[in-house]
Amino acid sequence: MVVCTGCSLLCEDIELALATGAISQVKNLCRKGHGHFQALFTERTMPKIDGQEVSVDQAIKKAADILRNAKHPLLYGWSNSTLEAQRVGIDLARKLGATIDDTMSFCRGILMERVLTGKLPTCTLDDVRNFADTSIFWGSDPSNSHPRHLSRFAYYPRGEKRQKSYEEERTCIVVDVRKSATAKLCSNYFRVPPGGDADFIASVIAVLDGKIPKYGDKKRMIELGTILRKTEYGAISPGLGLVSSIQDRIELLETLVAKLNEITTFKVVPMVEHYNTRGFNQLLLNDTGYLNSVSFHSGQVTHGPENSVIAAAKGCDAALVIGSDPLSSLPFGTAKCLARVPLIAIDPRRSLTTDAAKVVIPSAMYGLEAGGSAIRMDGVKIEFEPIVKSDLLSDEQILKRLKEEI
Ligand code: SF4
């Protein structure tokens with residue numbers, strides 16, 4: 001069996017056969033995973049300095065020179081690397097006195113922090129499959145982001161206590177600004193206007209308290225309250241939509257979850273995207289007490305918005321980007337700041353960031369060409385082996401080489 005690193009579900013039941021230059025046979029892989037595996041054969045990076053092809057050794061040496069001479073280096077990305085590589089990356093940041101940040105710091109980090117520090121009760125996805133009779137996807141659309149979530153865990157499978165599954169025993173609720181692909185599959189869809197989630201939460205709390213809700217369709221809100229009250233074991237899967245909407249008022253979600261747990265059992269499993277996002281947050285939290293936006297400058301550990309990639313990009317004089325494409329995904333101003341400093345990109349695939357980088361170091365694809373371990377979105381550790389032989393170095397090996405050179 002092969003583990004898919006296409007998203008943070010880390011599906012372990014993939015059967016795959018490869019022929020020359022293509023996937024010849026596959027079982028259990030979703031369309032997103034198929035695209036991920038197919039990337040083995042397209043758009044691979046080459047070692048480069050200033051756009052000219054060089055050897056991997058030359059690229060690593062140049063990258064080490066840049067980092068060694070930088071006064072304020074920024075190390076960014078990490079969600080698509082194994083635990084082993086992330087551990088070396090944190091050591092490298094400490095050695096360099098660098099700022100280190102991940103892809104979650106300006107979005108779902110605040111939610112993950114509440115889960116990892118025990119402020120929001122959580123459970124595994126196996127618990128969801130075995131026990132959950134109500135699943136709420138709030139500002140998330142697993143049919144596109146985690147395509148096998150409903151079939152492996154939340155809605156369709158039989159579970160220890162849910163033998164009748166979605167036909168009789170499971171309810172799926174979607175709260176979103178639009179009727180997403182997931183909402184079309186579930187009979188309970190609640191539309192909220194952009195930014196309206198805080199009012200929606202207040203109305204759910206009101207109906208749970210037996211009051212008339214001020215917001216939304218009163219009859220439907222009361223129906224929702226009835227479903228929630230009858231739930232034996234509920235799971236909430238919040239996504240970027242909810243976190244962006246309530247932003248720094250995440251305690252509203254905590255209040256709702258606490259209220260639900262006065263009545264029945266409700267858990268929260270954040271819908272993080274990249275396959276080892278949670279792993280990086282857990283490692284850095286264990287090491288420094290903070291899950292992202294950390295600086296080791298002057299030998300001190302400091303944390304705060306000034307160390308998030310958005311702020312740190314403005315003051316850094318070199319950046320190492322690993323397994324991420326910030327020039328495509330971050331706000332234009334931040335991308336512009338990163339593009340003006342010597343940029344080192346470690347990535348198996350070509351992207352806007354690798355195209356703009358001063359130094360490109362190609363890496364092996366995890367789960368396909370390199371093994372290791374990662375933390376699934378629910379906190380379960382998953383280990384995987386490579387399925388094809390490759391001469392490419394893994395992220396971990398590249399980072400170790402950089403550390404030695406520096
Ligand atoms: S759901 Fe995610 S981990 Fe599972 S096969 Fe699809 S992309 Fe891969």
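FYI, side chains are in, hydrogens and waters are out, and symmetry mates aren't considered; it's all heavy atoms of this structure. Whatever order the structure lists them in is the order used to number ligands and atoms, beginning at 1.
The minimum heavy-atom distance between Ala59 and Val359, with the atom names listed, is O-CG1, 3.3 Å.
In this structure, Phe280 and Trp78 have parallel ring planes: the angle between them is below the 30° cut-off, well short of the 60° mark.
Counting protein heavy atoms only, atom 2 (Fe) of ligand 1 is closest to Cys7 SG, 2.3 Å. Distance from atom 3 (S) of ligand 1 to its nearest protein heavy atom, with residue and atom name: Cys11 N, 3.4 Å. The shortest contact between atom 1 (S) of ligand 1 and any protein heavy atom is with Arg148 N, 3.5 Å.
Under 4.0 Å from ligand 1, the heavy atoms of Leu10 that appear belong solely to its backbone.
A salt bridge does not link Arg162 with Glu167: every distance from a Lys NZ or Arg NE/NH1/NH2 to an Asp or Glu carboxylate oxygen is 4.0 Å or more.
Between His149 and Phe137, the distance separating the two ring centers is shorter than 6.0 angstrom.
Inclusion of Cys4 in the first shell of atom 8 (Fe) of ligand 1 is supported: an N, O or S atom falls under 2.8 Å.
Every atom of ligand 1 is numbered from 1 in the order shown, and the set under 4.0 Å from a heavy atom of Cys30 is 1 (S), 5 (S), 6 (Fe), 7 (S).
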Step-by-step salt bridge (Lys or Arg N to Asp or Glu O under 4.0 Å) determination, Lys259 to Asp209:
CA-CA 9 Å; Lys259 171 65 67 183; Asp209 282 336; 2.7 Å; yes

